Protein chains: 2
Amino acid sequence: MRNNTMGSLIWLRLMRFTNQSNQMSNDFLKRFDLTTAQFDVLMQIRIYQPLTQSELAEKVTVTQGGISRMLARLEKENYIVRKQDWKTKTINLTAKAEAILDQAMPEQLAFQTSFFDDVLDEEEQKTLYKLMTRVHKYSQKRELPSE
Amino acid sequence: MRNNTMGSLIWLRLMRFTNQSNQMSNDFLKRFDLTTAQFDVLMQIRIYQPLTQSELAEKVTVTQGGISRMLARLEKENYIVRKQDWKTKTINLTAKAEAILDQAMPEQLAFQTSFFDDVLDEEEQKTLYKLMTRVHKYSQKRELPSE
DNA sequence: CATCATCATTTGACTAGTCAAGTTAAGAGG
DNA sequence: CCTCTTAACTTGACTAGTCAAATGATGATG
């Protein structure tokens with residue numbers, strides 16, 4: 001009864017894996033009092049701060065509404081500050097967030113890395129990265145069929 | 001400032017790609033009045049029905065609570081029926097759901113497949129599948145450190 | 001038979017996100 | 001100065017999920 005294509009099998013694998021590793025990552029980050037989504041957003045802010053909400057939304061592939069809610073939560077926890085700056089709101093990390101990230105970042109990187117380092121050699125990782133990059137970039141291109 | 005490992009780059013790519021393709025799939029399935037998550041769950045039920053909620057939860061990697069809410073929504077829309085059967089609840093598709101799936105399944109498979117067919121040749125797809133399978137299986141093994 | 005243990009499922013309080021309609025802040029034109 | 005447009009952001013109603021405490025259903029034991 002295997003009426004599945006290779007593509008659909010890959011798709012399923014990707015979905016299940018990201019789902020699972022995401023949850024494991026949430027678990028791992030619990031000791032820093034962060035979720036995976038929050039870590040992701042805070043890292044992007046750290047790299048690009050100061051930046052506006054729309055810029056950030058684009059970087060983490062979330063809608064304007066989504067980023068608005070996320071930032072409201074992060075602000076409530078004192079991880080970021082937003083200030084009205086002309087028409088837009090400018091986002092910056094607080095010292096608290098910087099301190100947590102200094103701790104959490106190397107550990108989270110090591111955690112992510114361990115998913116691959118333990119089962120794939122360097123060559124295989126490069127191959128996987130290259131293939132996924134092609135697939136991802138292609139999917140982004142399809143998103144704007146008007147261009 | 002690239003303090004990223006290959007593993008963390010792969011991780012990011014996987015997250016962003018699944019995120020994005022998931023949204024595109026939601027969009028695609030709109031014409032069948034289904035979300036990607038619903039399609040996924042209905043397909044699993046179709047393959048394994050009749051089955052219990054806990055069995056289903058495991059198949060789609062969701063918690064008991066999560067599957068309970070999802071099934072409540074699907075039941076409200078008349079896609080499934082649950083009946084108390086001894087201690088457990090047994091799930092079956094309705095004729096309505098079967099009819100929709102007959103239509104949606106081939107199209108959704110083709111949709112998923114197109115993400116890969118258009119940019120990777122057969123050999124590359126097999127490689128990608130093999131690598132992701134190793135990574136995924138390994139991550140599942142880690143989940144139960146007590147064994 | 002009442003209570004107890006044990007699965008299976010549900011539910012309350014949350015995070016994280018979507019879409020679409022509603023605000024808000026500036027600048028532009030009458 | 002007032003209205004109009006527009007870009008940036010927020011919000012209401014919803015899906016999808018988590019965890020942990022509560023509820024249901026059944027069988028076992030004193």
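The sequence lines fix the lettering, A, B, ..., with proteins before strands; numbering per chain opens at 1. From a predicted model like this one, the values you see are computed outputs, not experimental measurements.
When heavy atoms are screened at a 4.0 angstrom cut-off, S54(B) is found touching the sugar-phosphate backbone but no base atom.
Around CD of Q84(A), the count of heavy atoms belonging to other residues, nucleotides or ligands within 6.0 Å exceeds 12. Summarising the local packing, CD of Q49(B) is surrounded by more than 12 heavy atoms from other residues, nucleotides or ligands at distances under 6.0 Å. Remark: K137(A) NZ is loosely packed, at most 12 non-hydrogen atoms of other residues, nucleotides or ligands lying under 6.0 Å away. The local environment of NZ in K126(B) is sparse, with at most 12 non-hydrogen atoms from other residues, nucleotides or ligands closer than 6.0 Å.
Rounding to whole angstrom units, CG of residue L51(A) and C1' of dC9(D) are separated by 14 Å. When the P atom of dT10(C) is taken as reference, atom CG of L56(B) falls 12 Å away, rounded to whole Å. The distance between atom NZ of K83(A) and atom P of dC9(D), rounded to the nearest whole Å, is 13 Å.
Checking each of Q20(A), Q108(A), Q112(A) against S25(A) for a side chain to side chain donor-acceptor pair (under 3.5 Å) leaves exactly one that passes, namely Q108(A).
Residues satisfying the side-chain contact (heavy atoms from CB on, under 4.5 Å) criterion with D121(B), sequence neighbours excluded, are E123(B), E124(B).
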Using a 4.0 Å cut-off on protein heavy atoms (strictly under), produce a 5'-to-3' string for nucleotides 15-20 of chain C with B for base contact, S for backbone-only sugar-phosphate contact, and - for none. SBBBS-
Check: residues 65-76 of chain A side-chain donor-acceptor pairs under 3.5 Å, at least two apart:
unit_1, atom_1, unit_2, atom_2, d
E75(A), OE1, R82(A), NE, 3.3
E75(A), OE1, R82(A), NH2, 3.0
E75(A), OE2, R82(A), N, 3.1

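One axis for each end of the helix from dC1(C)-dG30(D) to dG30(C)-dC1(D), each built from five base pairs, and the angle between them comes to 40° at 10° resolution.
Identified under the ring-ring contact (aromatic ring centres under 6.0 Å, His included) test for residues 23-43 of chain B, with sequence neighbours left out: F28(B)-F111(B).
Judged purely by atom type and a 3.5 angstrom limit, Q103(B) has no side-chain atom pairing as donor or acceptor with the backbone of I100(B).
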Which atoms of nucleotides 22-28 of chain C (N or O only) lie under 3.5 Å from a protein N or O atom, and what are those distances?
unit_1, atom_1, unit_2, atom_2, d
dG27(C), OP1, W86(A), NE1, 3.3

Run the salt bridge (charged side-chain N to carboxylate O under 4.0 Å, His left out) check on K59(A) and D40(A) step by step: do they pass? CA-CA 10 Å; K59(A) 296 212 186 293; D40(A) 188 13; over 6 Å; no
